[in-house]
Amino acid sequence: MVFDTRPKVDVCVAQTGETYACATNESLLRGMLRLGRKGIPVGCVNGGCGVCKVRIVTGVVSALGPVSRAHVSAAEECDGVTLACRVAPTCAVTLEIAGKLHKPFSRAAGPTPAAPNQQ
């Protein structure tokens, strides 16, 4: 068994209130995948496809690599918009899902058990 000893911080998804631990040298997208939600688009993981667009509401992130201007304009970047595959949290972060990443987060987090009178 291998233990992950990297320092981690909490990342909160504003729309759902879900929180996941993300290592400070790990992309927000890679950590987000541990939420286990179906349909999270991973795309190219290099900042070139733009499917993992998010807006950092609170907290600070560090760049893991360049972000394509085709997907995040300079004005958007000034407003906190970035690609989850290209940044890592340096402290606790709250983010808003945007763009194509929005659809998997618009559904409930997991299966809801049927009420006894609905079976």
Side-chain angles (χ1 to χ4, degrees):
M1 180 177 279
V2 177
F3 292 101
D4 185 354
T5 59
R6 297 176 296 175
K8 295 178 184 66
V9 297
D10 285 339
V11 177
C12 179
V13 178
Q15 289 98 327
T16 64
E18 294 172 286
T19 299
Y20 61 92
C22 189
T24 54
N25 63 352
E26 174 183 47
S27 75
L28 292 176
L29 180 61
R30 187 163 302 279
M32 187 182 296
L33 293 174
R34 286 193 296 275
L35 287 174
R37 282 186 166 270
K38 292 181 181 176
I40 293 177
V42 175
C44 71
V45 193
N46 288 318
C49 70
V51 298
C52 59
K53 200 176 212 180
V54 296
R55 187 174 78 82
I56 305 302
V57 178
T58 62
V60 179
V61 294
S62 62
L64 297 174
V67 173
S68 169
R69 282 286 176 234
H71 303 295
V72 179
S73 70
E76 286 178 316
E77 190 173 70
C78 288
D79 193 33
V81 175
T82 189
L83 299 178
C85 71
R86 302 309 283 168
V87 295
T90 59
C91 62
V93 167
T94 299
L95 60 82
E96 287 180 345
I97 302 297
K100 295 176 183 172
L101 196 53
H102 184 72
K103 187 174 180 181
F105 283 92
S106 64
R107 296 185 290 259
T112 304
N117 62 355
Q118 292 179 340
Q119 295 179 356

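No experiment lies behind these values; they were computed from the predicted model shown. The analysis underlying the following values was restricted to heavy atoms, covering all of them including side chains, and did not include hydrogens, waters or symmetry mates.
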[X] and [Y]: which non-hydrogen atoms are nearest, and at how many Å?
X     : Y     : result
Gly59 : Cys91 : CA-SG, 3.9 Å
Glu96 : Ala14 : CG-CB, 3.9 Å
Lys8  : Arg6  : NZ-O, 3.1 Å
Gly47 : Leu83 : O-CD1, 3.4 Å
His71 : Glu76 : O-OE1, 3.5 Å
Ser27 : Cys85 : CB-O, 3.6 Å

Main chain of [Y], side chain of [X]: is a donor-acceptor contact present, judged purely on distance under 3.5 Å?
X     : Y     : answer
Asn46 : Gly48 : no
Arg34 : Ala21 : yes
Tyr20 : Leu33 : no
Thr19 : Asp10 : no

- Query: What residues join Val57 in its hydrophobic cluster, counting side-chain heavy atom gaps under 4.5 Å, either direct or through other members?
  - Reply: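 Under the 4.5 Å side-chain rule, Val57 groups with nothing.
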- Query: In terms of hydrophobic clustering (I, L, V, M, F, W, Y; side-chain heavy atoms under 4.5 Å; direct or indirect links), are Val61 and Leu35 co-clustered?
  - Reply: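 Cluster IDs for Val61 and Leu35 match.
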- Query: Do Val72 and Val45 belong to the same hydrophobic cluster, where Ile, Leu, Val, Met, Phe, Trp and Tyr are linked whenever their side-chain heavy atoms lie under 4.5 Å apart, directly or via other members?
  - Reply: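 They do not share one cluster, since no chain of ILVMFWY contacts under 4.5 Å joins Val72 to Val45.
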Is the shortest heavy-atom distance from the side chain of [X] to the side chain of [Y] under 4.5 Å?
X     : Y     : answer
Val11 : Met32 : no
Ile97 : Leu95 : yes
Arg37 : Thr16 : yes

- Message: Let me confirm one number: the CG-CG distance from Leu64 to Leu28, rounded to the nearest 0.5 Å.
- Response: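 So the gap between those two atoms works out to 8.0 Å.
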- Query: For Arg30, does the CZ atom have more than 12 heavy-atom neighbours from other residues, nucleotides or ligands under 6.0 Å away?
  - Reply: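 Counting other residues, nucleotides and ligands, CZ of Arg30 stays at 12 neighbours or fewer.
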- Partners passing side-chain hydrogen bond (donor to acceptor under 3.5 Å, both in side chains) against Glu77 (at least two apart in sequence or in another chain):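 Only Arg69 meet the side-chain hydrogen bond (donor to acceptor under 3.5 Å, both in side chains) criterion with Glu77.
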- Query: Taking only residues two or more places apart in sequence, or in another chain, which ones meet Thr82 in a side chain to side chain contact (heavy atoms under 4.5 Å, CB included)?
  - Reply: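 Residues passing side chain to side chain contact (heavy atoms under 4.5 Å, CB included) with Thr82: Val54, Ile56, Val67, Val87.
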